[in-house]
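Throughout, residue positions are numbered sequentially from 1 according to the sequence presented.
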Amino acid sequence: MPDVSARSLVLIIQAVDREITRLMSLPDDAITPAEERQLVDVESLAHELEEAYASVTRGQTNLPAYEHLVTHRDAGPDPD
């Protein structure tokens, strides 16, 4: 992986998280196949970034935990 500063990685993680949120908020009947593929790709990227962030932040205490950078999403259906 190319050298990326920890601060840049924080901003990238937050941008990817916002894109996941945007794509997940699209109505099921309005999402295109291209957007569905993009969501899968961006979610995969988010997992890669989480691993990279864990490596970069190992031993650094001045950076927020990964969980504080991303939106917490429930795996289950929305409560009514």
Side-chain angles (χ1 to χ4, degrees):
M1 180 175 173
D3 287 336
V4 175
S5 73
R7 182 66 188 140
S8 293
L9 196 53
V10 165
L11 296 173
I12 294 165
I13 289 167
Q14 291 171 329
V16 167
D17 186 64
R18 281 191 301 275
E19 182 63 4
I20 291 170
T21 299
R22 184 189 75 79
L23 290 167
M24 290 181 79
S25 69
L26 294 173
D28 289 341
D29 59 345
I31 193 166
T32 67
E35 289 167 329
E36 288 178 351
R37 285 189 302 274
Q38 183 180 10
L39 177 58
V40 170
D41 290 344
V42 176
E43 287 176 327
S44 177
L45 174 58
H47 291 294
E48 290 177 32
L49 290 169
E50 182 176 9
E51 291 174 9
Y53 191 71
S55 291
V56 168
T57 59
R58 198 168 284 123
Q60 291 190 24
T61 59
N62 62 333
L63 295 170
Y66 181 83
E67 295 77 25
H68 294 275
L69 301 176
V70 295
T71 305
H72 299 281
R73 296 177 182 89
D74 292 332
D78 291 337
D80 289 320

A.B. asks: Would you say the side chain of Thr57 lies within less than 4.5 Å of the side chain of Tyr66, judging by non-hydrogen atoms?
C.D. replies: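 SC-SC contact between Tyr66 and Thr57 ruled out.
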A.B. asks: Which residue pairs satisfy the salt bridge (Lys or Arg N to Asp or Glu O under 4.0 Å) criterion with at least one member in residues 35-58, sequence neighbours excluded?
C.D. replies: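 For residues 35-58, and leaving out neighbouring residues, there are no salt bridge (Lys or Arg N to Asp or Glu O under 4.0 Å) pairs at all.
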A.B. asks: Say whether Val40 and Leu45 are linked into one hydrophobic cluster, either directly or through other cluster members, by side-chain heavy-atom distances under 4.5 angstrom.
C.D. replies: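 No, Val40 and Leu45 fall in different hydrophobic clusters.
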A.B. asks: What do you reckon, is CG of Asp28 surrounded by more than 12 foreign heavy atoms closer than 6.0 Å?
C.D. replies: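 Not buried by this count: 12 neighbours or fewer within 6.0 Å.
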A.B. asks: May I ask you to decide if Leu63's main-chain N or O and His68's side chain share a donor-acceptor pair within less than 3.5 Å?
C.D. replies: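 No; zero donor-acceptor contacts below 3.5 Å.
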A.B. asks: Which donor-acceptor pairs under 3.5 Å do side chains of residues 6-18 form with protein atoms, sequence neighbours excluded?
C.D. replies:
{"from": "Ser8", "atom 1": "OG", "to": "Ser5", "atom 2": "OG", "distance (Å)": "2.9"}
{"from": "Asp17", "atom 1": "OD1", "to": "Thr71", "atom 2": "N", "distance (Å)": "3.3"}
{"from": "Asp17", "atom 1": "OD1", "to": "Arg73", "atom 2": "NH1", "distance (Å)": "3.1"}
{"from": "Asp17", "atom 1": "OD1", "to": "Arg73", "atom 2": "NH2", "distance (Å)": "3.0"}
{"from": "Asp17", "atom 1": "OD2", "to": "Thr71", "atom 2": "N", "distance (Å)": "3.0"}
{"from": "Asp17", "atom 1": "OD2", "to": "Thr71", "atom 2": "OG1", "distance (Å)": "2.7"}

A.B. asks: Report whether Met24 and Leu69 are members of the same hydrophobic cluster (ILVMFWY, side-chain heavy atoms less than 4.5 Å apart, transitive linking).
C.D. replies: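 In one cluster with Met24: Leu69, yes.
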A.B. asks: With rounding to the nearest 0.5 Å, note down the distance linking CG in Leu39 to CD1 in Ile31.
C.D. replies: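 Result: 6.0 Å between the selected atoms.
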A.B. asks: Could you pull out all residues at least two apart from Arg22 that satisfy salt bridge (charged side-chain N to carboxylate O under 4.0 Å, His left out)?
C.D. replies: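 Scan of Arg22 (salt bridge (charged side-chain N to carboxylate O under 4.0 Å, His left out), adjacent residues dropped) gives Glu19.
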